[in-house]
Amino acid sequence: MTDCQLYLISPLDMSGTFPERLQRALDAGKGVATAFQFRVKGLDQHEAARLAEPLQAICAAREVAFIVNDDVALAKRLGADGVHLGQGDGDPREARADLGREAQIGVTCHDSRHLALEAGEAGADYVAFGAFFPSETKETSHRAEIELLEWWSEMVELPSVAIGGITPANCAPLIKAGADFLAVSGAIWSGDEVAAVKAFVEQIGEARV
């Protein structure tokens, strides 16, 4: 069984001291926090690229994958490590053609085995299931069951990401069910990011024993 890792998702507001917060969070989760998703809404590409530049450098210095949410063109412009696609954000095959063989391409699959298998056949590098719990970060119309993670980890080699309302207090069953990554946002950025990351790292360590 592979070790579960943390996949940090940015808040929509990355102004001010956010680069320093990201740095602290990644340092607190060294070796466990291995991916960061850059998620912006309603910004033009120039503004998004300006915001991304320091964050991308912080990730690169720590060998943390820098993934752009929803926007293949922005991912290509930034030379990002990959892109995460929602169900309405395009085909993984087209993203692969645009971004190249090395790009990490993830696909949101909600609570659906069928969508996840389709994503895998289309060349996705990982699939994301959720929401597993109510989320304050994003409205969710799909609720995934922990059994889905168990089935996926037993039947399919492609990594899975669990997302949606995940906190240090509720994440242990997801880790034990075989989630390869925990995608977390509000649980990190709504308070002390260092304490939150350390709490996740502790839970990952205990659940894997």
Working for side-chain contact (heavy atoms from CB on, under 4.5 Å), residues F129 and I163: CA-CA 6 Å; F129 294 119; I163 192 167; over 6 Å; no
Aromatic plane relationship, F66 with F36 - under 30° parallel, 30 to 60° tilted, over 60° perpendicular: tilted
Shortest non-hydrogen contact from I146 toward P173: CD1-CB, 3.6 Å
Rounded distance (nearest 0.5 Å) linking atom CD of Q23 with atom CZ of R62: 4.5 Å
Donor-acceptor pair, side chain of W152 and main chain of G178, under 3.5 angstrom: no
Under 3.5 Å donor-acceptor, S10 side chain and R39 backbone: yes
Same apolar cluster (I L V M F W Y, side chains within < 4.5 Å links), L174/W151: yes
Under 3.5 Å donor-acceptor, N170 side chain and T167 backbone: yes
Any side-chain heavy-atom pair of R143 and P134 under 4.5 Å: yes
Smallest separation among heavy atoms of A207 and A172, with atom names: CB-O, 4.3 Å
Min side-chain heavy-atom separation L74-F38 under 4.5 Å: yes
Atom of A187, atom of A196 and distance for their closest heavy-atom approach: O-CB, 3.3 Å
Linked, directly or transitively: I204 and I166 (ILVMFWY side chains, under 4.5 Å): yes
Y7 vs I9 side-chain heavy atoms within contact, under 4.5 Å: yes
Atom pair CZ (F132) and SG (C171), whose distance is rounded to the nearest 0.5 Å: 12.5 Å
Nearest-0.5 Å distance that lies between atom NE2 in H142 and atom SG in C109: 11.0 Å
More than 12 heavy atoms from other groups under 6.0 Å of CD on Q45: yes
Minimum-distance pair of heavy atoms, taken over all atoms of K41 and N69: NZ-ND2, 3.7 Å
Exam field: side chain Q5 to backbone L182, donor-acceptor pair closer than 3.5 Å: no
Distance-minimising heavy-atom pair for F18 and M14: CB-O, 3.5 Å
Beyond-backbone contact of E145 with D111, side-chain heavy atoms, under 4.5 angstrom: no
Q104 CD to R96 CZ distance, which is reported to the nearest 0.5 Å: 7.5 Å
Hphob cluster co-occupancy, L115 + L117, side-chain heavy atoms under 4.5 angstrom: no
Over 12 non-hydrogen atoms of neighbours within 6.0 angstrom of CD in E102: no
Contact summary for R77 and A49, nearest pair of heavy atoms: NE-CB, 3.8 Å
Student check: side-chain heavy atoms of L148 and S112 closer than 4.5 Å: no
Mutual orientation of the aromatic rings belonging to Y126 and H84 [parallel < 30°, tilted 30-60°, perpendicular > 60°]: parallel
Transitive ILVMFWY side-chain link L26 to L51, under 4.5 Å: yes
Single-linkage hydrophobic cluster V184~F181, side-chain heavy atoms < 4.5 angstrom: no
Test item: L8 and Q37 side chains (from C-beta on) under 4.5 Å apart, heavy atoms: no
V72 side chain reached by L85 side chain, heavy atoms, under 4.5 Å: yes
From CA spacing to verdict: side-chain contact (heavy atoms from CB on, under 4.5 Å), R50, H46: CA-CA 6 Å; R50 187 187 65 78; H46 296 294; over 6 Å; no
Between Q87 and T108: side-chain donor-acceptor atoms closer than 3.5 Å: no
Full working for side-chain contact (heavy atoms from CB on, under 4.5 Å) between L22 and I58: CA-CA 8 Å; L22 176 62; I58 288 164; 4.2 Å; yes
Atom pair OG (S153) and CG (L158), whose distance is rounded to the nearest 0.5 Å: 12.5 Å
Distance (rounded to the nearest 0.5 Å) between D125 CG and D81 CG: 11.5 Å
V161 and D180, any side-chain heavy atoms less than 4.5 Å apart: no
